[in-house]
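The next block holds one structure in the form of C-alpha cells; read it before the comments.
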Amino acid sequence: MKSETVETKYSYFDLVYEITRQIPVGRVSSYGAIADYLALGSSRMVGWALNHSFAQMIELPAHRVVNRKGELTGRHHWNPPQLMGQLLQKEGVQIENDKVINFQEVFWHPKELDEG
DNA sequence: CCAATGACGACTT
DNA sequence: GAAGTCGCCATTG
C-alpha cells in the first residue's frame with residue numbers, strides 16, 4: 001500500500017499530529033480526549049494515527065499520549081520500549097510501573113486550546 | 001466481501 | 001471496584 005494514499009484521504013491524521021504537537025511539556029493527554037476533540041468517534045483511530053506517525057518518521061511527542069488510565073500502553077511501539085517513560089520523566093512527568101502517577105494533575109485536554 | 005486486529009473507552013454485571 | 005462485554009472505525013489478510 002502507499003502511505004501517500006493515507007495522507008491524502010484522511011485529514012484527521014494531520015489533525016491528530018497537530019493536537020499532539022500542542023500538548024505542553026510536562027503534561028499528557030489521552031487517546032479519548034483527542035478523539036473527542038476531533039470528533040473521530042473512535043479513540044482507536046488516534047492510536048492508529050500515532051502508530052503510523054512512526055512509520056512516517058514524523059517528529060511527534062507521541063510519548064505524551066497515553067490511555068485514559070494514564071498507562072503507557074504505547075511503549076511497546078517505541079524503540080526501546082522504555083524510552084517513552086524516560087522521555088516523560090525527563091519532562092517532569094512521574095512514571096511508575098509504566099504509568100503516570102499524578103495523571104489527573106498532568107492530564108491535558110485539547111479543549112484548553114479553545115479556552116486559551 | 002467476510003473475519004480478525006488494534007497505542008481505546010464506556011457501560012454492565 | 002474489578003472483570004467481562006460491546007461499540008467504535010479503519011486497516012489488513
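Naming convention: chains lettered A, B, ... in sequence-line order (proteins, then strands); numbering from 1 in each chain.
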Identify the pairs formed between an N or O of the protein and an N or O of nucleotides 1-3 of chain C at a distance under 3.5 Å, and give each distance.
none

List, with names and distances, any nitrogen or oxygen atoms from the protein found under 3.5 Å away from nitrogen or oxygen atoms belonging to nucleotides 7-12 of chain B.
{"unit_1": "dA7(B)", "atom_1": "OP1", "unit_2": "His77(A)", "atom_2": "NE2", "d": "2.7"}
{"unit_1": "dA7(B)", "atom_1": "O5'", "unit_2": "His77(A)", "atom_2": "NE2", "d": "3.1"}
{"unit_1": "dA7(B)", "atom_1": "N7", "unit_2": "Gly47(A)", "atom_2": "O", "d": "3.0"}
{"unit_1": "dA7(B)", "atom_1": "N7", "unit_2": "Asn51(A)", "atom_2": "N", "d": "3.0"}
{"unit_1": "dA7(B)", "atom_1": "N6", "unit_2": "Leu50(A)", "atom_2": "O", "d": "3.2"}
{"unit_1": "dA7(B)", "atom_1": "N3", "unit_2": "Tyr31(A)", "atom_2": "OH", "d": "2.9"}
{"unit_1": "dC8(B)", "atom_1": "O4'", "unit_2": "Ser43(A)", "atom_2": "OG", "d": "3.3"}
{"unit_1": "dC8(B)", "atom_1": "O2", "unit_2": "Ser43(A)", "atom_2": "OG", "d": "3.3"}
{"unit_1": "dC8(B)", "atom_1": "N3", "unit_2": "Arg44(A)", "atom_2": "NH1", "d": "2.5"}
{"unit_1": "dC8(B)", "atom_1": "N4", "unit_2": "Arg44(A)", "atom_2": "NH1", "d": "2.2"}
{"unit_1": "dC8(B)", "atom_1": "N4", "unit_2": "Arg44(A)", "atom_2": "NH2", "d": "3.4"}
{"unit_1": "dG9(B)", "atom_1": "OP1", "unit_2": "Gly32(A)", "atom_2": "N", "d": "3.1"}
{"unit_1": "dG9(B)", "atom_1": "OP1", "unit_2": "Arg68(A)", "atom_2": "N", "d": "3.1"}
{"unit_1": "dG9(B)", "atom_1": "OP2", "unit_2": "Arg68(A)", "atom_2": "N", "d": "2.7"}

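Atom CD of Gln94(A) is surrounded by 12 or fewer heavy atoms from other residues, nucleotides or ligands within 6.0 Å.
Proximity of Met45(A) to Tyr12(A): side-chain heavy atoms (C-beta onward) are separated by under 4.5 Å at one or more points. Counting heavy atoms from C-beta outward, Val28(A) and Trp108(A) have side chains that stay 4.5 Å or more apart.
As judged by a 4.0 angstrom heavy-atom cut-off over every strand, Leu72(A) is placed among residues making no nucleic acid contact.
Annotation for Ser42(A) and Ala35(A): closest pair O-CB, 3.7 Å, computed over non-hydrogen atoms. Of all heavy-atom pairs spanning Thr20(A) and Pro61(A), the tightest one is O-CG, 3.3 Å.
Atom-to-atom, CE of Met45(A) to P of dT12(C) comes out at 11 Å; the value is rounded to the nearest Å.
A perpendicular orientation is assigned to the rings of Phe13(A) and Tyr17(A), their planes being inclined by more than 60° (bins at 30° and 60°).
Using modelled atom types and a 3.5 Å distance limit, the side chains of His63(A) and Glu91(A) yield a donor-acceptor pair.
Here Glu105(A) does not pair with Arg27(A) in a salt bridge; the nearest charged N to carboxylate O distance is not below 4.0 Å.
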